[in-house]
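Structure first, then comments.
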There are 2 protein chains.
Amino acid sequence: MTEFNDFFKSAFTVDNAIFGFDEGDLKILLIKRGEAPYKGKWALPGYFVYPSEELDSAAKRVLEELTGLRNVFLEQVETFGTVNRHPFGRVITVAYFSLIKISDYNLQPASIAQKAQWHSISKVNDLAFDHLEILNACFQRLKWLVRTRPVGFELLPPQFTLTALQHLYEAILETDLDKRNFRKKILSMNLLIDLEQTQEGVAHRPARLYEFDRNKYHQFCDEGLNFELKESKKKEAKRAAAHRKKMLQAAV
Amino acid sequence: MTEFNDFFKSAFTVDNAIFGFDEGDLKILLIKRGEAPYKGKWALPGYFVYPSEELDSAAKRVLEELTGLRNVFLEQVETFGTVNRHPFGRVITVAYFSLIKISDYNLQPASIAQKAQWHSISKVNDLAFDHLEILNACFQRLKWLVRTRPVGFELLPPQFTLTALQHLYEAILETDLDKRNFRKKILSMNLLIDLEQTQEGVAHRPARLYEFDRNKYHQFCDEGLNFELKESKKKEAKRAAAHRKKMLQAAV
DNA sequence: CTAAAGGTGTGTCGTTTTTACACTATATCC
DNA sequence: GGATATAGTGTAAAAACGACACACCTTTAG
C-alpha cells in the first residue's frame with residue numbers, strides 16, 4: 001500500500017451553479033472572492049469536501065450556508081480536474097447545479113455570503129479558476145434538462161402565470177416560443193393545477209395563476225422515463241405465441 | 001494555506017466501462033482483480049490518476065493499456081465518492097464509458113490484461129467496490145445516448161448489415177423494434193453509405209452491407225444538437241425586423 | 001432438382017404530434 | 001370612453017410515428 005502514498009496528496013472541491021429566475025432573466029449566484037487565489041474575482045460558490053463528507057452533502061452544505069435553502073433541486077453535472085486549475089495543488093472539482101426560487105432566497109448573514117450577488121447569465125464573462133467553463137457545462141445541462149423534465153417549476157414562485165413560465169423557458173433555451181403552442185403543450189402534460197385565481201395589481205387584463213402538481217410529476221417520472229422508440233407490439237405478441245406453442249408441444 | 005493541508009490527503013481514480021457488442025449481445029470488459037482489495041473479484045478497469053495527469057488522459061491510458069485502442073469513443077459519465085468506498089482512504093472515482101468494436105480489440109500482452117474478459121451485461125451482478133453502481137450509471141448513459149446520437153456505429157465493425165444494427169439497438173434498449181420502422185428511421189437520417197455489396201457465406205439470402213458516414217455525422221452534430229422545441233419563426237422574423245429598424249434609425 | 005429453411009427487404013394507411021398563424025377579451029389608467 | 005397592455009383562444013396543413021404481411025433470395029438436405 002505504500003506504493004500508493006503518492007496518490008494521496010490531492011484534494012477535491014464541489015462547485016455549485018445556483019440558478020434563479022427573476023424579471024425575465026436567468027440568473028446565477030456568484031461570490032466575490034475575498035481571499036487568494038483569484039481575490040476580488042467572481043466565482044461559483046464552492047468549497048473543499050471534508051475528509052468524511054459525502055460529495056452530495058458537501059454540495060448541499062455549500063448551498064445551504066449561502067442561501068439557507070434545503071430540499072431544492074441539486075444534481076451532479078461533471079467533474080473538472082485539469083492539472084493546474086488550482087494554485088494550491090492538485091484539486092479536482094465536482095460541479096453541481098441547483099435550481100432555486102429567488103423569492104425563497106434570503107442572503108444568509110454569514111460573512112461569506114455578504115459578497116454574494118445574482119448575475120444575469122448572459123453577462124457573465126469572467127470568473128475565477130475554470131468556473132466559466134463549469135458554468136457553461138451547467139447551463140448546457142439545464143438547457144437539456146428543461147426539454148426533458150418539467151424542471152422549470154423549480155425556478156418560479158409557487159404560483160405563476162403561463163406567460164411567466166414561457167418567459168422562463170425562453171430565457172433558458174435562449175429562443176422565442178410560440179404562445180399558443182407552448183400553452184397547448186404545457187397544459188397537455190397535465191402537470192398544472194389551475195388555481196382559478198388571477199393576478200392582482202397589474203395594469204392590464206390579469207392572468208390566471210397556476211400551481212405545479214408534484215404528485216402528477218412523480219407519476220410522470222415513474223412512467224415516462226422510458227420515452228421514445230416504442231417496443232414492437234407484433235414481435236412481442238409473436239414471441240408470446242411461440243412460447244405458448246412450445247409449451248403445448250411439450251405437453252403432448 | 002496551511003489551513004488547507006488536511007484536504008490534500010485524498011486520491012482519485014478513473015474507472016472505465018468499456019462496452020462492446022458481439023453475437024447479438026452487449027458486453028462489458030471486466031478485469032479479475034489480482035490484488036487486494038477485492039482480490040479475485042471482477043471490476044471495471046481503472047487506476048489512480050497520476051499527480052500530473054489529466055482525467056481524460058488517465059481514462060485513455062487505462063483503455064489503451066488494456067485494449068491497445070486509441071481514438072475511440074470515450075466520455076465522462078459521473079463521479080462517485082462515497083466516503084468509505086475504498087479501503088485505502090478517501091478515493092473518489094471519475095467514471096468514463098467507452099464504446100469499442102470488439103473486432104478491433106486485441107488483448108494486450110501486459111500482465112494486467114491477462115485477466116480481462118468480456119461479460120454479457122445482463123449477467124453481471126457482482127463487482128468489486130461500487131462498480132456495479134457505476135456500471136449501471138454508464139449503461140443508463142449509453143441507453144440515453146443511443147436515442148440521442150447515432151453512436152451505435154462505434155460498436156459495430158466498419159461494415160455491417162441493417163439487421164446487425166437493429167440487434168445492437170435492441171440489445172442496448174432492452175426491447176424489440178419493428179424492422180420496417182427501424183429501417184425507415186435509420187435510412188432517413190442519411191448517415192449510412194450503401195456499399196452495394198452483400199454478405200458472403202451465410203446460409204440464407206445475403207444482406208446488404210452499409211458503412212457509417214462520418215462526414216454527415218459531424219454535420220448532424222453541428223446542426224442537430226439544438227433538437228426539439230423549435231423557435232417560433234414568426235417572432236424570429238419580428239425580432240430581425242425590429243433589429244433592422246433600429247439599425248436604420250441609428251443610421252439616420 | 002426440388003422443397004424446406006431461414007433471413008432479407010419492402011409500402012401503406014390511420015393516428016398523433018408538430019407547426020404556423022391572428023384576432024378578440026379584459027383589465028387599468030388617463 | 002378611449003388608449004394601452006397583456007391574456008387567452010382554434011384550426012388547418014405537414015410531418016412523424018406506429019401497426020402490420022408477404023414476396024424474395026440463397027443455402028442445404030433429401
Side-chain angles (χ1 to χ4, degrees), chain A residues 23-24 147-148 156 159-170 173 175-190 192 194-210 224 226-242 245, chain B residues 23-24 147-148 159-170 173 175-190 192 194-210 224 226-242:
Chain A
E23 297 165 15
R147 292 174 189 276
T148 312
L156 291 174
Q159 306 184 351
F160 51 85
T161 67
L162 290 181
T163 304
L165 186 60
Q166 183 177 344
H167 287 335
L168 170 60
Y169 273 74
E170 290 175 337
L173 297 173
T175 184
D176 289 317
L177 299 170
D178 179 84
K179 182 160 63 161
R180 278 173 292 188
N181 292 339
F182 178 78
R183 285 167 181 239
K184 220 184 307 173
K185 185 147 191 173
I186 290 290
L187 290 174
S188 75
M189 288 181 181
N190 265 47
L192 293 187
D194 183 345
L195 292 172
E196 306 193 349
Q197 295 170 36
T198 50
Q199 285 178 302
E200 281 175 20
V202 286
H204 55 76
R205 174 175 177 181
R208 277 168 183 246
L209 293 172
Y210 291 85
N226 51 341
F227 39 72
E228 286 176 271
L229 268 179
K230 288 196 188 154
E231 186 163 11
S232 152
K233 284 188 184 168
K234 182 187 147 199
K235 281 204 176 173
E236 193 56 14
K238 259 195 187 172
R239 203 199 295 172
K245 202 172 149 192
Chain B
E23 296 166 14
R147 292 173 189 277
T148 311
Q159 307 184 350
F160 50 85
T161 67
L162 290 182
T163 302
L165 186 59
Q166 181 176 346
H167 287 335
L168 170 59
Y169 272 73
E170 289 175 337
L173 297 173
T175 183
D176 287 316
L177 299 170
D178 179 84
K179 182 160 63 162
R180 277 173 292 189
N181 293 339
F182 177 78
R183 284 165 182 240
K184 221 185 303 174
K185 184 147 192 174
I186 290 290
L187 290 173
S188 75
M189 288 180 180
N190 264 46
L192 293 188
D194 183 346
L195 292 172
E196 307 194 348
Q197 294 170 37
T198 52
Q199 286 178 301
E200 283 177 18
V202 286
H204 53 78
R205 172 176 176 179
R208 279 172 181 243
L209 293 172
Y210 291 85
N226 50 341
F227 40 70
E228 287 175 90
L229 267 180
K230 287 198 189 153
E231 187 163 11
S232 152
K233 281 191 184 164
K234 182 185 147 200
K235 284 205 173 173
E236 188 57 11
K238 262 193 187 170
R239 200 201 293 173

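Naming convention: chains lettered A, B, ... in sequence-line order (proteins, then strands); numbering from 1 in each chain. Both backbone and side-chain heavy atoms feed into the values below; hydrogens, waters and symmetry mates do not.
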**Request:** Output the distance between atom CD (B:Gln166) and atom CD1 (B:Ile186), rounded to the nearest 0.5 Å.
**Result:** 9.0 Å
**Prompt:** Which residues pass the side chain to side chain contact (heavy atoms under 4.5 Å, CB included) test with A:Gln197, sequence neighbours left out?
**Reply:** A:Gln159, A:Leu195, A:Leu209
**Between P of D:dG10 and CZ of A:Phe182, the distance in whole Å** = 18 Å
Please tabulate the protein-to-nucleotide N/O contacts below 3.5 Å involving nucleotides 23-30 of chain D, giving atom names and distances.
from, atom 1, to, atom 2, distance (Å)
D:dC24, O2, B:Arg205, NH1, 2.8

**Item:** Between OH on residue A:Tyr210 and CG on residue A:Leu156, distance to nearest 0.5 Å
**Value:** 14.0 Å
**Complete:** Residues at least two apart in sequence or cross-chain that pass salt bridge (charged side-chain N to carboxylate O under 4.0 Å, His left out) with A:Arg208, listed by chain then number, are A:Asp194
Between the protein and nucleotides 11-14 of chain D, which nitrogen or oxygen pairs are less than 3.5 angstrom apart?
from, atom 1, to, atom 2, distance (Å)
D:dT11, O4, A:Lys184, NZ, 2.9

**Message:** Going by ring-ring contact (aromatic ring centres under 6.0 Å, His included), name the residues that satisfy it together with B:Phe160, two or more places apart in sequence or in a different chain.
**Reply:** B:Phe153
**Whole angstrom value for the distance that separates P of D:dC17 from NZ of B:Lys185** = 4 Å
**Item:** Nearest-angstrom distance from the residue atom CG of B:Asp178 to P of C:dG9
**Value:** 15 Å
**Asked** Whole-Å distance between D:dG8 C1' and A:Leu162 CG?
**Response** 9 Å
**Item:** Residue list, side chain to side chain contact (heavy atoms under 4.5 Å, CB included) with A:Asn181, at least two apart or on another chain
**Value:** A:Asp178, A:Lys184
**Prompt:** Taking atom CZ of A:Phe182 and atom CG of A:Leu162, what is their separation to the nearest 0.5 Å?
**Reply:** 7.0 Å
**Partner residues of A:Thr163 under the side chain to side chain donor-acceptor pair (under 3.5 Å) criterion, sequence neighbours left out** = A:Arg183
**Length of the CD-C1' vector between A:Glu200 and D:dA7, whole Å** = 16 Å
**Item:** Distance below 4.0 Å between B:Lys179 side-chain N/O and C:dG9 OP1 or OP2
**Value:** no
**Asked** Side-chain N or O of B:Arg183 less than 4.0 angstrom from OP1 or OP2 on C:dG9?
**Response** yes
